[in-house]
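The sequence lines fix the lettering, A, B, ..., with proteins before strands; numbering per chain opens at 1.
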Amino acid sequence: MSGDSKSGKWECNDALKAWVSDRLLVLLGFSSPEFVEFAIGLAKQATSAADVVGKLEEYGLAFSDDLHLFAEEIFSKVPWKVSPRKQKTYENEGGTGTGSGKAVFEDQIEFIKESMLKISKAKSELETLHEDRRTLPIYAHRDSLLKAIEEHQVLVIVGETGSGKTTQIPQYLHEAGYTKRGKVACTQPRRVAAMSVAARVSQEMDVKLGHEVGYSIRFEDYTSEKTVLKYMTDGKLLRELLGEPDLASYSVIMVDEAHERTVSTDVLFGLLKDIARFRKDIKILISSATPDASKFSDFFDCAPIYRIPGRRYPVEIQYTKAPVADYLDAAIVTVLQIHVTQPPGDILVFLTGQEEIESAEEILKHKISGFGLEIPELVICKIFSNLPTELQAKIFQPIPIGSRKVVLATNIAEASLTIDGINYVIDPGFCKIESYNPRTGMESLQVTSISKASANQRAGRSGRTGPGKCFRLYTADSYKTKFDDNTPPEIQRTNLTSVVLSLKILGIQNLLNFDFMDPPSNEALVTKVGRQMAGFPLDPMLSKMIVASDKYKCSDEVISIAAMLSVGNSIFYSPNGEQVHADHARMSFHTGNVGDHIALMNVYNSWRETNYSTQWCYENYVQVRSMRRARDIRDQLERLLERVEIELTGCPNDLQAIKKAITSGFFSHSARLQNYGSYRTVKHPRIVHIHPSSGLADNFPRWVVYHEVVLTTKEYMRNVTELKPEWLVEIAPHYYQMKDIKDA
DNA sequence: GAGCACTGC
């Protein structure tokens with residue numbers, strides 16, 4: 001790493017990527033940015049060239065000698081990112097997982113998600129799968145399943161993880177001739193699942209990815225005219241529906257992982273039900289991993305439920321005899337108890353967030369040091385989505401034989417990520433869940449009891465590679481009486497304005513069952529502005545801001561701001577013990593009290609000036625991952641500008657123009673200063689405060705426009721910019737009159 | 001002077 005300049009480092013990375021991409025094209029006949037990341041990620045985790053081969057095999061990719069050669073080449077070329085790789089001295093000598101616990105984490109490499117993990121789950125299973133699809137549980141049901149699909153327009157399919165439904169059903173449909181009438185779509189909640197399953201199926205069918213089998217996700221469309229089996233994210237299908245409301249080019253839509261109930265799947269349900277009414281030739285398959293599928297069946301007019309058996313190891317569940325007073329304390333005690341009394345096997349603890357995980361880590365370390373050498377080594381790992389990539393690496397590293405791993409995780413380990421080698425799960429029964437009050441437009445994250453479905457999902461994480469045990473830190477009685485059956489679906493907990501906008505564009509006007517503070521007005525939707533707004537995959541207010549930037553000739557700046565805002569609040573990282581430096585770095589973008597929106601733009605521009613340097617991100621306590629995502633979104637927005645005929649224009653020195661564009665989108669989010677530093681929102685008056693992380697927190701401008709209000713310890717406005725009150729009347733005369741902005 | 005569960009277009 002020494003001596004490489006900022007740009008040099010990037011070039012080196014790009015050269016490596018280009019090389020990997022070329023090799024993949026030759027070897028597999030396909031390549032894509034995500035696949036390149038995937039391959040490099042594998043090699044980074046590997047401890048030897050043979051290890052790379054092993055990992056490739058796990059994904060069913062090492063089927064030729066050339067690929068073995070590739071493994072050796074890539075291993076020698078990939079730099080050591082985190083720490084010098086130890087030679088694998090701790091071989092898995094018949095242990096039960098301790099010492100070889102493999103963890104597969106998504107964001108290190110942006111590709112491993114649930115469906116891919118299904119494939120890599122058990123090696124023996126995978127090998128047989130690769131040899132012969134006929135050994136899958138689903139195969140015995142092939143003909144009766146096809147018969148059921150033929151007989152019913154809508155079919156609910158229940159199949160546990162590992163039954164092969166995601167990879168096999170589309171192939172069966174292809175074999176049965178459905179693809180002669182149109183494409184078969186299979187939707188996934190996560191990008192990586194769509195991508196990896198498509199790659200898998202293309203291998204099974206012995207075709208090049210992107211030909212007969214393809215995938216389509218945001219930023220990557222890997223399909224062609226030849227494509228008949230199309231894996232895609234559910235949100236992507238939703239976007240396609242805007243252009244093809246009857247889905248005429250499809251003969252079958254399979255909504256996979258429907259039990260996750262994302263907003264997109266829920267919206268798809270409603271639209272598909274409607275489409276099925278006037279397109280009698282289309283088949284709808286709803287696939288769920290939860291046994292209770294009656295809700296899906298009821299929704300689709302009592303559609304029949306088809307069950308496919310799965311494979312799973314038994315999990316022994318234990319409850320506490322009495323309620324525990326402090327679940328964090330109880331969890332730590334349980335970890336130590338398991339460590340001392342139970343046979344080998346790693347431990348997974350579900351906690352609610354970063355802060356809790358970090359304090360648990362401290363306490364555990366302290367307690368263990370008290371035991372000295374009396375007990376075997378316990379290796380502590382942590383995982384949550386905001387943890388920077390380089391710190392996630394610990395979860396991949398082999399641990400000494402005779403020691404045990406404990407993973408402190410958020411909900412990320414419940415469905416998005418699988419850690420192999422876990423035999424024990426500790427479940428305190430809580431998680432953080434988003435709630436959104438549509439009346440006030442306020443969001444909050446609150447610690448809540450989990451649902452029964454969630455508890456069972458957590459327990460199941462211990463039984464993936466062998467029989468498991470789950471220790472629930474609550475009583476059997478409270479499980480029965482206090483836990484809801486299911487987590488309320490996301491659609492009931494989140495801001496739906498962009499969903500509403502999309503549905504309105506589809507001509508669905510009657511959405512008044514929801515109570516919105518600021519529903520997009522009907523007139524906005526039939527004008528050019530409305531159509532332009534719907535062209536952007538963003539919240540309506542962000543889209544409006546971009547559309548307005550045309551008028552103020554600052555679209556170049558505004559799309560950067562929109563991209564940064566839509567990445568969310570995970571731009572900055574503040575590690576334990578370095579908060580002062582992190583704060584200082586963050587405030588350096590606020591010079592001149594420009595406001596948080598302009599500061600975000602400054603962050604983006606500074607990063608761009610370093611040629612998108614990773615090192616720059618580390619130095620400024622900025623999350624690399626978030627910045628790359630912002631860059632992707634910004635690139636997409638730039639392309640979309642052209643489509644809606646907005647010119648890309650910049651006005652780097654006219655901050656007022658940029659602020660006016662922001663105000664055009666967020667005019668309903670205005671607030672004026674009260675006494676004692678509090679603010680009052682102008683319409684629907686409410687007392688709010690500037691979030692302490694804001695660059696204007698100590699500045700108290702008289703008028704501000706804010707991105708959002710969040711409820712934490714107080715009601716805070718997050719991301720605020722100063723505005724002149726007369727702009728409100730100028731920009732949004734239908735919303736504000738002079739009396740609203742007059743001094744009281 | 002406070003805090004960021006997890007996805008996706």
Side-chain angles (χ1 to χ4, degrees), chain A residues 106-107 113-114 187-194 216-221 232-243 257 260-268 350-358 383-387 409-417 430-435 443-448 450 454 487 489-491 493-494 498-499 501-502 534-539 542-543 563 566-576 579-580 582-583 586-587 623 626 629 632-633 636-637 640 677 689-694 696-698 708 710-716 718:
Chain A
E106 176 263 323
D107 220 8
K113 295 262 184 157
E114 187 169 46
T187 73
Q188 300 290 321
R190 284 177 284 275
R191 297 161 54 86
V192 173
S216 185
I217 58 183
R218 189 180 189 181
F219 307 126
E220 265 186 58
D221 185 0
M232 61 211 300
T233 45
D234 42 22
K236 184 74 182 183
L237 182 61
L238 222 46
R239 277 272 140 187
E240 277 195 9
L241 262 162
L242 291 180
E257 316 289 354
E260 294 202 18
R261 301 288 308 274
T262 65
V263 170
S264 299
T265 45
D266 274 19
V267 173
L268 275 177
F350 283 98
L351 298 172
T352 62
Q354 174 176 353
E355 200 181 336
E356 198 170 280
I357 286 173
E358 282 173 349
I383 202 91
F384 43 87
S385 79
N386 265 352
L387 190 71
T410 60
N411 248 12
I412 194 173
E414 201 177 289
S416 308
L417 163 157
F430 293 98
C431 68
K432 275 188 191 169
I433 191 164
E434 185 193 320
S435 72
E443 310 168 358
S444 60
L445 266 182
Q446 273 154 355
V447 175
T448 321
I450 59 173
S454 199
T487 309
E490 194 187 359
I491 200 162
R493 301 184 275 113
T494 196
S498 59
V499 170
L501 181 61
S502 307
F536 295 101
L538 297 173
D539 292 340
L542 285 172
S543 307
S566 56
V567 164
N569 58 344
S570 54
I571 301 287
F572 296 97
Y573 178 65
S574 183
N576 247 353
Q579 278 91 346
V580 177
D583 276 6
R586 188 166 48 74
M587 288 307 289
Q623 295 263 22
S626 304
R629 185 161 170 74
D632 282 341
I633 294 172
Q636 188 189 21
L637 296 178
L640 289 172
H689 302 81
I690 296 184
H691 196 280
S693 68
S694 166
L696 297 176
D698 303 321
E708 60 185 354
V710 292
L711 172 66
T712 54
T713 55
K714 283 183 188 169
E715 298 186 7
Y716 283 115
R718 210 155 45 189

Checking all strands, does A:Thr713 fall into the base, sugar-phosphate, or nothing category for heavy-atom contacts under 4.0 angstrom? sugar-phosphate
In whole angstrom, give the distance that lies between atom NZ of A:Lys236 and atom P of B:dG8. 14 Å
Taking atom P of B:dG1 as reference, at what distance in whole Å does atom NE2 of A:His689 sit? 11 Å
Listed partners of A:Phe430 passing ring-ring contact (aromatic ring centres under 6.0 Å, His included), at least two apart: A:Tyr327
B:dG1 OP1/OP2 closer than 4.0 Å to side-chain N/O of A:Ser693: no
Assign each of A:Arg629 and A:Ile433 the nucleotide of DNA chain B bearing its closest heavy atom; nearer the 5' end lies the nucleotide of A:Ile433
If you check every side-chain atom of A:Pro692, which of B:dG1, B:dC4, B:dG8 has the closest atom? B:dG1
Considering residues at least two apart in sequence or located in another chain, which fulfil the side-chain hydrogen bond (donor to acceptor under 3.5 Å, both in side chains) criterion with A:Thr265? A:Thr262
Measuring from the side chain of A:Tyr716 (C-beta onward, heavy atoms only), which nucleotide among B:dC4, B:dC9, B:dG3 has the closest atom? B:dG3
A:Leu640 CG - B:dC9 C1' separation (whole Å): 10 Å
Testing B:dC4, B:dT7, B:dA5 for proximity to the side chain of A:Arg718, the answer is B:dC4
So, do A:Phe219 and A:Arg629 sit near enough that their side-chain heavy atoms are less than 4.5 Å apart? yes
Selection from B:dC4, B:dT7, B:dC9 that lies nearest to any side-chain heavy atom of A:Ser385: B:dT7
Can you find a side chain N or O atom of A:Thr233 that sits less than 4.0 Å from OP1 or OP2 on B:dG8? no
Rounded to whole angstrom units, what separation is found between the CD atom of A:Gln579 and the P atom of B:dG3? 13 Å
Take atom CG of A:Asp266 and atom P of B:dC6, then tell me their distance rounded to the nearest Å. 21 Å
Single hit among A:Ser694, A:Ser693, A:Pro692 for side chain to side chain contact (heavy atoms under 4.5 Å, CB included) with A:Ile690: A:Ser694
Distance, rounded to the nearest Å, where A:Ile383 contributes CD1 and B:dC6 contributes C1': 14 Å
Between atom CZ in A:Arg261 and atom C1' in B:dC6, what is the gap in whole Å? 16 Å
What does A:Phe219 touch in the nucleic acid at a heavy-atom separation under 4.0 angstrom: a base, only the sugar-phosphate, or nothing? nothing
Evaluate salt bridge (Lys or Arg N to Asp or Glu O under 4.0 Å) for A:Glu257 paired with A:Arg190, printing each intermediate quantity in order. CA-CA 10 Å; A:Glu257 316 289 354; A:Arg190 284 177 284 275; over 6 Å; no
Using a 4.0 Å heavy-atom cut-off across all strands, classify A:Ser264 as base, sugar-phosphate, or nothing. nothing
Atom-to-atom span, CZ of A:Phe350 to P of B:dC6 - whole angstrom: 12 Å
Under 4.0 Å between any heavy atoms, over every strand shown, what does A:Asp539 touch: base, sugar-phosphate, or nothing? Just pick one. nothing
